[in-house]
There are 2 protein chains.
Amino acid sequence: MEDEVDRLVAAWRRERPDLDVEPLEVLSRVSRLARHLDRARRTAFAEHGLEPWEFDVLTALRRAGSPYQLSPGQLLTQTLVTSGTMTNRIDRLTGKGLVKRLPDPDDRRGVLVRLTDDGRDRADQALAGLLAHERELLAQLTSTQQGELAGLLRQLVAPFDNIP
Amino acid sequence: MEDEVDRLVAAWRRERPDLDVEPLEVLSRVSRLARHLDRARRTAFAEHGLEPWEFDVLTALRRAGSPYQLSPGQLLTQTLVTSGTMTNRIDRLTGKGLVKRLPDPDDRRGVLVRLTDDGRDRADQALAGLLAHERELLAQLTSTQQGELAGLLRQLVAPFDNIP
DNA sequence: CGCAAGTATCTCGACATCAAGATATATCCC
DNA sequence: GGGATATATCTTGATGTCGAGATACTTGCG
């Protein structure tokens with residue numbers, strides 16, 4: 001089955017036969033797939049009354065395990081946003097009663113963000129919904145292929161995650 | 001080499017052993033890799049004085065071949081943004097002298113967006129720069145692996161690109 | 001000890017995006 | 001042909017994000 005990137009690459013080969021556009025076969029597909037995923041996730045989360053960014057923050061805290069708290073700095077590295085964005089997110093989640101800020105007992109510069117009981121439930125429900133949707137998307141691939149794909153992607157992401 | 005998604009999945013297995021989080025192995029990596037790529041592209045384009053969104057529009061027109069023109073609607077489907085966004089982008093690119101709007105001779109509702117000579121040169125230069133950067137990122141994989149990866153990604157993206 | 005450099009978080013202004021609605025034109029069918 | 005429906009683009013208002021700078025506290029070095 002052909003996709004938009006096949007057409008994109010064919011067009012470049014026609015217009016710029018002097019260039020090797022092979023890298024686009026992988027990386028343009030990653031970018032485009034990510035945009036489609038964003039849209040799909042937005043609709044999946046809407047069923048649970050959450051925005052994607054809310055899900056990102058709540059689940060990061062949920063994964064941390066009891067007592068479900070992390071510093072804003074730890075949340076930054078997990079969600080790949082800037083500090084100004086995270087402050088804003090925490091403010092809004094606090095307003096909705098899904099998280100609360102606590103002073104860090106070990107460092108008076110810092111704070112800890114903790115999930116409320118309500119926030120934990122919302123995160124758990126939304127995760128189950130997300131996984132159901134994602135399983136449908138991945139039905140295009142066999143289990144073996146999914147494993148191969150995960151492995152290849154890991155090799156590309158690892159340098160970003162380990163050198164910062 | 002371990003990546004952030006390995007840690008994420010391990011955390012979920014510890015916190016929610018009742019759930020099958022296998023889909024995240026693929027799709028979370030796609031999302032995270034895309035965010036890293038966005039940042040890398042931003043710096044690559046900065047060398048040529050372009051923003052990523054400017055590159056997206058200019059190269060779509062460049063790929064169309066002489067006379068390098070497309071309708072706003074065609075640009076929408078290629079760049080995955082909304083119509084309001086595209087209007088804004090065309091306005092700004094027009095202001096920078098990289099594209100210009102022409103009336104569509106066949107449909108008086110429509111317009112055609114055409115690349116200027118300056119816009120074409122900028123697109124060509126930025127593309128070469130982008131490919132150089134991307135080749136470095138992909139050096140993690142053999143040529144064969146890149147082909148496999150492209151094929152697997154195509155299977156996931158194709159439904160989005162062909163059913164809309 | 002005391003000061004410089006580093007770190008954690010927040011503030012603020014600019015900006016790109018989106019969604020929904022408005023406008024103008026085209027197409028379809030009776 | 002004429003009116004309903006569809007299409008192409010633009011407008012508007014709200015919103016989330018970024019990036020640079022500010023503040024407060026901590027750490028390291030002399």
Side-chain angles (χ1 to χ4, degrees), chain A residues 31 34-43 45-46 49-58 60-61 69-96 98-114 164, chain B residues 31 34-36 38-43 45-46 50-58 60-61 69-96 98-114 164:
Chain A
S31 293
R35 297 211 63 161
H36 288 303
L37 286 178
D38 277 349
R39 295 184 168 190
R41 292 204 300 165
R42 182 175 301 278
T43 65
F45 294 143
L50 286 180
E51 299 291 319
W53 64 263
E54 295 178 304
F55 178 85
D56 287 343
V57 177
L58 295 180
L61 294 168
Q69 61 184 24
L70 291 172
S71 70
Q74 291 173 306
L75 288 171
L76 291 191
T77 67
Q78 293 210 33
T79 54
L80 298 178
V81 298
T82 62
S83 64
T85 298
M86 186 53 66
T87 297
N88 185 20
R89 288 182 173 188
I90 296 168
D91 287 347
R92 283 174 285 156
L93 286 170
T94 302
K96 292 179 70 171
L98 301 178
V99 307
K100 58 185 170 185
R101 263 187 260 248
L102 305 171
D104 183 334
D106 300 327
D107 184 340
R108 273 186 293 180
R109 294 170 303 181
V111 301
L112 292 173
V113 181
R114 183 185 298 200
Chain B
S31 293
R35 298 214 62 164
H36 288 302
D38 278 348
R39 295 185 167 189
R41 293 205 300 164
R42 182 174 301 278
T43 65
F45 294 142
L50 287 179
E51 299 290 317
W53 64 263
E54 295 178 304
F55 178 85
D56 288 343
V57 176
L58 296 180
L61 294 168
Q69 61 184 23
L70 291 171
S71 70
Q74 290 173 306
L75 287 171
L76 290 191
T77 66
Q78 293 211 33
T79 55
L80 298 179
V81 298
T82 62
S83 65
T85 298
M86 187 53 67
T87 297
N88 185 19
R89 287 183 174 189
I90 297 167
D91 287 347
R92 283 174 283 156
L93 287 171
T94 301
K96 291 180 70 171
L98 301 177
V99 307
K100 57 185 171 187
R101 261 188 263 247
L102 304 171
D104 183 335
D106 300 327
D107 185 338
R108 275 186 293 183
R109 293 170 304 180
V111 301
L112 292 173
V113 181
R114 185 186 296 200

Next item on the list: Kindly point out which of C/dT25, C/dT9, D/dT26 is positioned nearest to the side chain of B/Asp107?
Entry: C/dT25

Note to self: What contact category does B/Arg39 fall into here, base, sugar-phosphate, or nothing, at under 4.0 angstrom with non-hydrogen atoms?
What the structure shows: nothing

Notebook entry, point to check: Does A/Arg42 or A/Thr87 map to a spot on DNA chain C nearer the 5' end, using the closest nucleotide for each?
Noted result: A/Thr87

Next item on the list: With rounding to the nearest 0.5 Å, note down the distance linking CG in A/Leu80 to CE in A/Met86.
Entry: 9.5 Å

Next item on the list: Show the numbers, then the answer: is there a side-chain contact (heavy atoms from CB on, under 4.5 Å) between B/Ser71 and B/Asp104?
Entry: CA-CA 8 Å; B/Ser71 70; B/Asp104 183 335; 5.7 Å; no

Checklist line | Candidates C/dT17, C/dT9, D/dG16 - which lies nearest the side chain of A/Ser83 | finding: C/dT9

Notebook entry, point to check: Which nucleotide in the list C/dT9, D/dC10, D/dT17 gets nearest to the side chain of A/Pro72?
Noted result: C/dT9

Check: Using a cut-off of 4.0 Å on non-hydrogen atoms, how would the nucleic acid contact of A/Gly84 be classed: base, sugar-phosphate, or nothing?
Finding: base

Notebook entry, point to check: So which of B/Leu75, B/Thr94, B/Thr79 actually passes side-chain contact (heavy atoms from CB on, under 4.5 Å) with B/Arg89?
Noted result: B/Thr79

Item checked: Shortest side-chain distance from B/Arg109, nucleotide among D/dT9, D/dA8, C/dC18 -> D/dA8

Check: Would you say the side chain of A/Trp53 lies within less than 4.5 Å of the side chain of A/Arg92, judging by non-hydrogen atoms?
Finding: yes

Next item on the list: Measure from the side chain of B/Val111, starting at C-beta and using heavy atoms only, and say which of C/dT17, D/dT9, D/dC25 lies closest.
Entry: D/dT9

Checklist line | Proximal nucleotide (of D/dC10, C/dC18, D/dT26) relative to the A/Arg108 side chain | finding: D/dT26

Checklist line | Residue A/Arg92, side-chain heavy atoms: nucleotide from C/dA8, D/dC10, D/dG16 that is nearest | finding: D/dG16

Note to self: The side chain of A/Arg35 is closest to which nucleotide in this list: D/dC18, D/dC10, C/dC18?
What the structure shows: C/dC18

Check: Which of the following nucleotides, D/dG16, D/dC18, D/dC10, is nearest to the side chain of A/Trp53?
Finding: D/dG16

Next item on the list: Look at the side chain of B/Asn88 and decide which nucleotide, out of C/dT9, D/dC18, C/dA16, has an atom nearest to it.
Entry: C/dA16

